[in-house]
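Notes to accompany the following structure.
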Protein chains: 2
Amino acid sequence: MKLTTKGRYAVLALTEIALSEDKNLIKISEIAKSQNISSTYLEQILSNLKKNGFVKAVRGPNGGYKLALKAENIIMSDVIEVIEGKIEAKGCSHKNVSCTGISGKCLNHDLWDELGKQIDLFLSHISLKDILEGNILGRSRAPIIAENCDKMTIN
Amino acid sequence: MKLTTKGRYAVLALTEIALSEDKNLIKISEIAKSQNISSTYLEQILSNLKKNGFVKAVRGPNGGYKLALKAENIIMSDVIEVIEGKIEAKGCSHKNVSCTGISGKCLNHDLWDELGKQIDLFLSHISLKDILEGNILGRSRAPIIAENCDKMTIN
DNA sequence: TAATTCTTGACTAGTTTTGTCAAGAAATAC
DNA sequence: GTATTTCTTGACAAAACTAGTCAAGAATTA
């Protein structure tokens with residue numbers, strides 16, 4: 001579970017590409033310059049986005065990048081998974097049962113599993129179009145309230 | 001926004017301490033052994049948890065750790081913030097306005113801000129007691145549905 | 001054909017993570 | 001009060017990862 005500059009630059013680049021969509025293609029060097037990011041570093045990221053079908057590249061003079069999908073079909077969970085790898089959560093080392101619950105599974109796993117699920121759930125509801133439209137703020141939600149589940153209580 | 005072994009070990013240690021609460025104090029070496037974690041590494045983590053009031057330490061023979069608070073008052077967002085530092089999200093480099101929206105703020109900031117808020121919101125509703133009771137799974141929720149906000153649409 | 005732009009992969013500096021080690025301080029059992 | 005146990009603190013270090021560089025090459029168009 002991590003978020004590095006690569007993930008942020010990827011979304012940033014997609015935003016820039018989308019915003020210049022009506023004009024024409026946008027070059028790596030233009031994105032790099034306008035955002036003050038290393039263009040050789042951006043190459044890696046855009047190459048990855050291309051390989052995974054989010055953008056298309058055109059080589060040669062006046063070449064550059066454009067979106068390969070409509071902005072509403074570019075989903076943030078997909079983008080981040082491609083760039084950062086899968087949101088994954090590890091629990092304990094399983095050497096011992098002292099932290100296992102009723103399910104025989106480490107009690108801590110549930111926390112990280114569910115947090116990973118929450119992050120993925122959030123990002124899977126956000127498209128590039130939402131970002132372009134400024135439709136993000138205020139969308140996060142508190143988890144479902146826990147019930148007091150006596151049969152599972154310890155102590 | 002990161003989650004390292006330190007955060008996971010911290011929750012793991014808290015779980016072990018809570019589970020042995022009725023018996024007596026639990027030693028670092030016991031936790032380290034049962035979870036197969038380096039005990040000297042655990043020291044750093046427990047020292048931090050102590051400094052921040054989550055656990056109490058007793059030195060000397062038959063010493064060890066116990067919870068300083070009730071399990072229901074040990075909130076995961078607090079624990080993780082202490083151990084991993086604040087969930088923070090950065091957007092773009094602000095050198096240019098090409099990615100700024102109506103608010104004059106980088107469009108991407110919203111995404112990372114709101115994701116950070118979502119993670120914090122989730123963790124702030126989970127206590128150590130919830131973990132002990134296995135009351136975690138199924139609690140994550142999809143974000144609020146975006147409205148089509150025409151006045152903000154680009155393109 | 002020349003210029004432009006993306007493509008690919010190897011390489012590297014710096015930072016962070018994940019520990020280790022050692023000297024010391026406090027508490028208790030005897 | 002001495003020895004033992006256990007936590008406390010801070011310096012140190014290997015390994016992994018991040019962020020970025022560099023260079024040779026392939027495709028496209030003017």
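Chain letters run A, B, ... following the sequence lines, proteins first and then strands; every chain starts at 1.
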Can you check whether B:Thr4 has a side-chain N or O nearer than 4.0 Å to OP1 or OP2 of C:dT18? yes
Between A:Asn48 (CG) and C:dC6 (P), how many Å, whole number? 16 Å
Just by distance, with hydrogens left out, do B:Ser127 and B:Glu72 show a side-chain donor and acceptor under 3.5 Å apart? no
With a 4.5 Å heavy-atom cut-off, do B:Thr5 and B:Ile37 have their side chains touching? no
Phosphate-side-chain proximity, A:Tyr65 and C:dT7, N/O vs OP1/OP2 below 4.0 Å: yes
Quick check: is A:Leu128 connected to B:Trp112 through a chain of hydrophobic side chains (ILVMFWY, heavy atoms under 4.5 Å apart)? yes
Given that B:Tyr41 and A:Arg59 both sit by DNA chain C, which one's nearest nucleotide is further toward the 5' end? A:Arg59
Starting at the 5' end of DNA chain C, which residue's closest nucleotide do you reach first, B:Pro61 or B:Glu84? B:Glu84
Identify which nucleotide among C:dA22, C:dA3, C:dT17 has an atom closest to any side-chain atom of B:Lys2, counting heavy atoms from C-beta outward. C:dT17
Check whether any side-chain N or O of A:Lys50 sits under 4.0 Å from OP1 or OP2 of C:dT7, and answer yes or no. yes
Side chain of B:Gln44, heavy atoms from C-beta onward: which of D:dG25, D:dA11, D:dT9 has the nearest atom to it? D:dA11
Which sits closer to the 5' end of DNA chain D, A:Ser39 or A:Asn62, going by the nucleotide each is nearest to? A:Ser39
Less than 4.0 angstrom between a side-chain N/O of B:Lys56 and OP1 or OP2 of D:dC7, yes or no? no
Rounded to whole angstroms, how far apart are NZ on B:Lys66 and C1' on D:dC7? 15 Å
same_hphob_cluster(B:Ile131, B:Leu121) at 4.5 Å side-chain heavy-atom cutoff: no
D:dC22 phosphate, OP1 or OP2: any side-chain N/O from A:Thr40 under 4.0 angstrom? no
Of A:Lys6 and B:Gly63, the one whose nearest nucleotide on DNA chain D sits closer to the 5' end is B:Gly63
Can you tell me the distance, in whole Å, between the CG atom of A:Leu25 and the P atom of C:dT4? 17 Å
Considering every strand and a 4.0 Å limit on heavy-atom distances, what is the contact class for A:Gly60: base, sugar-phosphate, or nothing? base
Base, sugar-phosphate, or nothing for B:Ser38, non-hydrogen atoms under 4.0 angstrom? sugar-phosphate
Between atom CD1 in B:Ile45 and atom C1' in D:dC7, what is the gap in whole Å? 15 Å
If you apply the rule side chain to side chain donor-acceptor pair (under 3.5 Å), what do you find for B:Thr15 with A:Asn108, and how did you get there? CA-CA 8 Å; B:Thr15 311; A:Asn108 292 273; 3.3 Å; yes
Consider only side-chain heavy atoms of I, L, V, M, F, W and Y, link residues closer than 4.5 Å, and tell whether B:Leu46 and B:Val79 are in one cluster. yes
Classify B:Ile28 by what it touches in the nucleic acid, base, sugar-phosphate, or nothing, heavy-atom distance under 4.0 Å. sugar-phosphate
Taking only the side-chain nitrogens and oxygens of A:Thr5, find out if one of them lies under 4.0 Å from OP1 or OP2 of D:dA19. yes
With a 4.0 Å cutoff (strictly under), does any side-chain N or O of A:Ser47 reach OP1 or OP2 of C:dT7? no
Could you state the CD-P distance from B:Glu43 to C:dA22, rounded to the nearest angstrom? 13 Å
d(CG, A:Asn52; P, C:dT7) in whole Å: 13 Å
